[in-house]
Structures are given as structure tokens and as C-alpha cells.
Amino acid sequence: MAETASNTAGLRGQSAGSTALCTVGKSGSGLTYRGYDIHDLAEHARFEEVAYLLLKGKLPNQAELDAYVTRLKGLRGLPDALKTVLEQIPADAHPMDVMRTGCSMLGNLETEESFDEQQDQSDRMLAAFPSIINYWYRYSHDGVRIDTETDDESVGGHFLHLLHGKPASELHARVMNVSLILYAEHEFNASTFTARVCASTLSDIHSCVTGAIGSLRGPLHGGANEAAMAMIEDWQSPDEAEREILGMLERKEKIMGFGHAIYRESDPRNAIIKHWSKRLAEDVGDTRLYPVSERVEAVMWREKKLFCNADFFHASAYHFMGIPTKLFTPIFVCSRLTGWCAHVFEQRENNRIIRPSADYTGPDKQEWLPIEQRQ
Ligand SMILES: CC(=O)SCCNC(=O)CCNC(=O)[C@H](O)C(C)(C)COP(=O)(O)OP(=O)(O)OC[C@H]1O[C@@H](n2cnc3c(N)ncnc32)[C@H](O)[C@@H]1OP(=O)(O)O
Ligand SMILES: O=C([O-])CC(=O)C(=O)O
């Protein structure tokens with residue numbers, strides 16, 4: 001019997017292809033999108049500019065950005081057949097399942113007939129995904145059929161407007177903008193790799209994105225922001241949080257929102273979203289969740305030298321903006337969609353079907369047994 005090659009588990013450290021889209025942790029902890037540093041993008045850019053950068057290959061000039069924002073605004077409406085499907089999905093469904101179904105249904109109604117449509121299809125999903133999730137959420141939870149075609153200038157503002165039924169405050173729109181930028185792209189992470197594998201079979205873009213949504217759903221990946229919130233929400237004080245974390249570490253449980261497959265010392269997105277979480281905590285007068293989060297961060301570093309990844313302070317930041325925990329990972333979808341689609345384009349440009357080999361660990365050759373002789 002062949003031996004398990006444990007050093008290949010999770011394909012860690014192995015190059016599985018090349019990309020011009022993103023660097024992750026190349027010199028310790030760096031993160032760039034097409035060469036632009038994440039700090040510059042989070043400080044100066046609009047998410048729509050970053051989407052343009054990833055999807056069209058360069059930063060837009062003002063006229064191009066204006067036209068792109070107008071274009072996205074015009075793509076927010078949902079076909080009736082999609083609304084009908086969303087209305088069938090129960091309120092207790094997981095919103096990531098709703099996203100997966102919504103994307104797949106959109107692909108049925110507006111099928112990508114040729115790869116020449118890939119840009120248009122990506123723009124459509126970028127504009128329509130906040131509509132899909134919030135149409136379902138508001139219908140199933142509040143019994144209202146919302147008009148998804150709002151006039152908000154940004155994807156993040158559109159999302160919050162649909163969710164709360166009123167335009168987002170300047171602070172909330174700003175934080176959503178930063179959050180969507182931070183989540184947009186991350187090289188060959190699990191969901192993006194899923195999209196690329198699917199693209200490599202020359203499948204359609206909705207299949208690539210639907211598969212990626214499924215990969216992002218899990219708590220070891222995008223689902224960690226939601227899982228982190230579920231972990232910290234009941235802790236009443238930093239001392240209680242410390243006791244609980246020490247207990248979890250003792251029991252060898254995973255602490256959601258910590259650690260990373262690539263970064264070794266820090267995740268550069270953490271300091272950025274942490275800053276905004278603090279601003280939001282001040283805004284809502286929080287004296288519990290933010291201090292609890294900071295203590296968890298300190299204890300994890302002290303005990304395990306494990307650092308917060310992008311997800312941990314997203315939990316408190318989203319919570320302070322009144323976003324229900326179950327909608328955290330769908331927001332990640334609305335952002336990472338841009339990275340997924342850009343990777344699909346890149347895969348298609350220089351395609352070879354992705355098909356690695358495996359080290360066999362099963363039994364040696366066996367004798368065929370007729371069914372009546374089997375135990
Ligand atoms: C947007 C994103 O997707 S970011 C990732 C979001 N996911 C999470 O936050 C879930 C919690 N974190 C994890 O499960 C992991 O850190 C992952 C999945 C992100 C990375 O997994 P790996 O690459 O296998 O982690 P890595 O090799 O660095 O693990 C080293 C050790 O630290 C431990 N460790 C890593 N993360 C954690 C954690 N969050 N809590 C407790 N222990 C951890 C591992 O169990 C491993 O211990 P071992 O050597 O005794 O088995
Ligand atoms: O890169 C990864 O492994 C996980 C991921 O998507 C991210 O951190 O944004």
C-alpha cells in the first residue's frame with residue numbers, strides 16, 4: 001500500500017498555476033491587487049474602482065468610473081422568475097444557500113452563451129447579488145417585496161439600503177466600501193481555486209461562481225466571519241472572553257477568525273478593518289463587543305502566536321452596522337465575486353484543464369467476489 005504524503009495535504013506551499021491578479025504574503029505579509037497595495041486601495045479607492053481594476057485590468061479614469069457606476073446601477077433589477085424562486089426559499093434557510101441558488105437561477109435565465117459575454121455577465125452579478133440576497137431576506141423576514149433598483153452610488157450603499165430600508169449613513173457606506181475592497185481578491189484561496197477548476201473545464205461563468213459560493217460557505221473560509229460572531233456575541237466582558245478562549249484552546253478547538261493558510265505573521269487586512277470596527281464601536285457606544293474582541297486577539301497572540309485574519313474584526317464591524325450575522329458571508333460573496341470572475345477570465349485566457357494527480361493509499365489489487373460470497 002502506498003504511504004500518505006502528508007506534506008502535500010491541502011496543496012500547501014505548492015504553486016498550482018500563475019496569476020497577474022494578486023500577491024498574498026509574498027514578503028512576509030504583503031497584499032496587492034494588480035500591483036496596488038491593499039493599504040492604498042482601502043484608503044483611497046472606491047470598491048467600484050477596485051472591481052474595475054480586477055475585471056477590466058486597469059484603474060479607471062474618472063469618466064470610465066462614472067460610466068461604470070451608472071452601468072452597475074442599471075443592472076440591479078431582478079427578473080420576475082428569479083424573484084419567484086427567492087420567495088419559495090424559507091426564512092430559516094442559510095443565506096449562503098440562497099446566494100448559491102440565486103446565482104444558479106440567474107444563470108438559467110441569463111445564460112452565458114459565449115465567453116465574449118464574460119464581462120457583461122460579471123457586471124450583472126456584481127450589481128444583482130446584493131439585490132438577490134436582500135430581496136429574499138426582506139421577503140422571508142419582513143414579508144415585503146422590495147424594489148431593488150435604488151439610486152445608491154455604491155455597491156455597499158445599495159446593500160445596506162435594501163437591508164435597512166433607508167439609505168446608509170456616510171460612516172456605514174464608508175465602512176462597507178472598505179470591507180468590500182478588503183475581501184475582493186486573494187489569489188488561489190479555496191473558493192477562487194474552485195472557480196478556476198470549474199473554468200478550466202470550459203464551463204459557464206455562473207457554474208464557476210456557484211461552485212465558488214459553495215466553497216466560501218464553510219467556516220474554515222468565508223464562513224469564519226459569521227462563526228467568529230457566534231463565538232463572541234454572548235461574552236459579557238474581556239475577562240469572560242479570556243476564560244472561554246483558554247478553555248477552547250485547552251480542548252483543542254479552532255478559534256474562528258484566527259490563523260491563515262499563507263500569512264505567517266499577520267493579515268494586513270486586519271489592522272484596517274479593526275480600525276473601522278473601533279470607529280463603529282464609538283459610534284454605537286459599544287463598551288462590550290469591541291473590548292471582548294481586542295482581548296481575544298491579545299490572548300490568541302500571547303498563547304498561540306496566532307493573529308486575526310480578515311474575518312475576525314469584520315464580525316464586530318458588521319454587527320455594529322446592524323447587519324444580521326447570517327448575512328455576513330453573503331457580503332463576502334458580493335465582494336469576492338470580482339476576484340472569482342477575474343480569475344475565470346485569466347484561466348480562460350491560457351487554459352489547460354486542471355487535473356492534478358493523487359497518491360494512492362487504498363488496498364492492493366483485490367480478487368473480484370461474486371455478491372453472494374461477500375460478508
Ligand atoms: C477569509 C478567509 O478565508 S481567512 C480564513 C478564515 N478561517 C478561519 O478563521 C478558521 C480558523 N482558522 C483555521 O482553521 C486555519 O488557520 C486555516 C484554515 C485558516 C488555515 O489552516 P492551516 O493552513 O492548516 O493552518 P496552519 O498550518 O497555519 O496551522 C498551524 C497550527 O495552528 C493551529 N491553528 C491554526 N489556526 C487555528 C485557529 N484558528 N485556532 C486554533 N488553532 C489553530 C492548527 O491546528 C495547527 O496546529 P497543529 O500543528 O497542532 O495541527
Ligand atoms: O487566502 C485564503 O486562503 C483565504 C482567503 O480567501 C482570504 O484570506 O481572503
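One is the number of the first residue; the rest follow in order along the sequence. Read the numbers this way: they start at 1 and go in the same order the structure lists the ligands and their atoms.
With a 4.0 Å cut-off on non-hydrogen atoms, H186 does not touch ligand 1 at all. In R269, the part holding a heavy atom less than 4.0 Å from any atom of ligand 2 is the side chain. Residue contacts with ligand 1 for D311 involve side-chain atoms from C-beta outward but no N, CA, C or O (heavy atoms, distance under 4.0 Å). For A224, every heavy-atom contact with ligand 1 shorter than 4.0 Å involves the side chain, none the backbone. With a 4.0 Å cut-off on non-hydrogen atoms, D267 does not touch ligand 1 at all. Residue-level proximity to ligand 1 for P219 is carried by the backbone, the only part with a heavy atom below 4.0 angstrom. No part of E187 comes within 4.0 Å of ligand 2, judged by heavy-atom distances. With a heavy-atom cut-off of 4.0 Å, F332 touches ligand 1 through its side chain alone. Under 4.0 angstrom from ligand 1, the non-hydrogen atoms of R264 all belong to its side chain.
Once rounded to the nearest 0.5 Å, the distance linking CZ of R336 with CG of N189 reads 4.5 Å.
Relative orientation of the W136 and H141 rings is perpendicular, given thresholds of 30° and 60° on the angle between their planes. Under the 30°/60° scheme for interplanar angles, the aromatic rings of Y290 and F313 are found to be tilted. Aromatic ring pairs are classed by plane angle as parallel below 30°, tilted from 30° to 60° and perpendicular above 60°; the pair H221 and F332 is perpendicular.
Polar contact with ligand 1: present for G257 (N/O pair, distance under 3.5 Å). By the 3.5 Å distance cut-off applied to N or O atoms, L220 is counted among the residues near ligand 1. For L249, no nitrogen or oxygen atom sits less than 3.5 Å from a nitrogen or oxygen atom of ligand 1, counting backbone and side chain alike. Between R12 and ligand 1, an N or O atom pair is found at a separation short of 3.5 Å. Close N/O approach between M256 and ligand 1 is not found [any backbone or side-chain N/O within under 3.5 Å]. Geometrically, ligand 1 and N309 share a nitrogen or oxygen pair separated by less than 3.5 Å.
The protein heavy-atom contact nearest to atom 25 (O) of ligand 1 is H260 O, 4.5 Å. Here the protein heavy atom with the shortest distance to atom 11 (C) of ligand 1 is F258 O, 3.3 Å. In terms of protein heavy atoms, atom 3 (O) of ligand 1 is closest to H221 ND1, 2.8 Å. The protein heavy atom nearest to atom 39 (N) of ligand 1 is I255 O, 2.7 Å. Closest to atom 13 (C) of ligand 1, if we only count protein heavy atoms, is K254 CD, 3.7 Å. The nearest protein atom to atom 1 (O) of ligand 2, hydrogens excluded, is given as H186 ND1, 2.7 Å; this is a heavy-atom distance. What sits closest to atom 42 (N) of ligand 1 on the protein, heavy atoms only, is L306 CD1, 3.7 Å. For atom 20 (C) of ligand 1, the closest heavy atom belonging to the protein is A261 N, 3.7 Å.
Close contacts between ligand 2 and N189 involve ligand atoms 1 (O), 2 (C), 3 (O), 4 (C), 5 (C), 6 (O) [criterion: under 4.0 Å to a heavy atom]. Ligand-side atoms of ligand 2 in range of R336: 5 (C), 6 (O), 7 (C), 9 (O), range being under 4.0 angstrom from any heavy atom. Counting the atoms of ligand 2 from 1 in the order shown, those under 4.0 Å from a heavy atom of H260 are 1 (O), 2 (C), 3 (O), 4 (C), 7 (C), 8 (O).
Within the 4.5 Å cutoff, the side chain of F312 has no heavy atoms near those of the I255 side chain.
With hydrogens and angles disregarded, a donor-acceptor distance shorter than 3.5 Å links the side chain of N177 to the backbone of F47.
Donor-acceptor pairing under 3.5 Å is lacking for the side chains of D123 and Q119.
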